[in-house]
Amino acid sequence: FGLLLFDYDLDFDLDLLGVNGHVQPGIETIQQAVRYRQSTLLFNNNGEGRFTNVSDKAGKALAQPIVDRGVANADYAITKDTPC
C-alpha cells in the first residue's frame, strides 16, 4: 500500500499515485465485489484543490491490477556536467 505525491505532468502541482492490494488472497471467494489485485490510481492536481482520476489515460502499466505493498520515487537530473 502506498501514496506518493509527485508532479507527474511537470506543471508544479503535486499529483497523487495510490497503490493497493487486498491483504487476503482469495478474497473473491468470500466477497465477490472485492479483488485481491487492485488497480493503481493516478490523480491529476488541477492546481485549485481538486484532483481528477487519470488512471485510465496513464498507460498499460497502471491498467493492470496488481498487489502492491509500497511505492517509491526518485528525482534526478542529468546535465552536461554529470558523468555517465
Side-chain angles (χ1 to χ4, degrees):
F1 322 101
L3 180 65
L4 179 67
L5 293 163
F6 75 116
D7 186 12
Y8 93 95
D9 56 359
L10 305 177
D11 65 356
F12 299 101
D13 296 319
L14 291 177
D15 307 299
L16 298 172
L17 178 76
V19 299
N20 300 292
H22 201 279
V23 295
Q24 183 177 353
I27 187 66
E28 297 90 348
T29 61
I30 300 168
Q31 297 181 6
Q32 294 179 356
V34 180
R35 298 286 175 255
Y36 178 62
R37 294 180 178 167
Q38 299 177 1
S39 299
T40 299
L41 300 172
L42 178 62
F43 293 92
N44 182 36
N45 183 344
N46 73 357
E48 298 177 4
R50 299 185 74 78
F51 292 84
T52 303
N53 187 341
V54 294
S55 305
D56 58 342
K57 299 173 186 166
K60 293 179 182 180
L62 268 61
Q64 184 68 32
I66 191 169
V67 177
D68 286 314
R69 294 294 182 247
V71 64
N73 183 42
D75 189 9
Y76 65 93
I78 296 177
T79 66
K80 64 179 183 172
D81 299 325
T82 304
C84 292

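None of these values were measured; they are calculated from a predicted model.
- The hydrophobic clustering, which links ILVMFWY residues whose side-chain heavy atoms are closer than 4.5 Å, places V67 and I27 together.
- Considering every non-hydrogen atom in both I66 and T40, the closest pair reads CG2-OG1, 4.2 Å.
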| task | Report the C-alpha distance between V34 and Q24 in whole Å, list the side-chain angles of each, state the deciding distance to 0.1 Å, and finish with yes or no for side-chain contact (heavy atoms from CB on, under 4.5 Å). | result | CA-CA 10 Å; V34 180; Q24 183 177 353; over 6 Å; no

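- L16 and L42 are assigned to two separate hydrophobic clusters, defined by single-linkage of ILVMFWY side chains at heavy-atom distances under 4.5 Å.
- The CZ atom of F51 sits 8.0 Å away from the CG atom of L14 when rounded to the nearest 0.5 Å.
- Side chain of R69 to main chain of G21: a donor-acceptor pair is present (N/O by atom type, distance under 3.5 Å, no hydrogens or angles).
- Here the side chain of D68 pairs no donor or acceptor atom with the backbone of G70 at under 3.5 angstrom.
- A pairwise comparison of heavy atoms in Q38 and H22 identifies NE2-N, 3.7 Å as the closest pair.
- Contact between S55 and N53 at its shortest, heavy atoms only, is OG-OD1, 2.7 Å.
- Grouping the Ile, Leu, Val, Met, Phe, Trp and Tyr side chains by contacts below 4.5 angstrom, directly or via other members, places F43 apart from F6.
- In this structure a side-chain-to-backbone donor-acceptor pair under 3.5 Å is missing from N44 to T52.
- No path of Ile, Leu, Val, Met, Phe, Trp and Tyr side chains, each step under 4.5 Å between heavy atoms, connects L41 with V54, placing them in separate hydrophobic clusters.
- Annotation: R50, atom CZ; neighbour count of heavy atoms from other residues, nucleotides and ligands within 6.0 Å does not exceed 12.
- Expressed to the nearest 0.5 Å, how far CG of L10 lies from CG of D15 amounts to 9.0 Å.
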Margin query: Determine whether N45 and D11 satisfy the following criterion, side-chain contact (heavy atoms from CB on, under 4.5 Å), listing intermediate values before the conclusion.
Written below: CA-CA 9 Å; N45 183 344; D11 65 356; 5.9 Å; no

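- Hydrophobic clustering (ILVMFWY, side-chain heavy atoms < 4.5 Å, transitive): F12 and Y8 are in distinct clusters.
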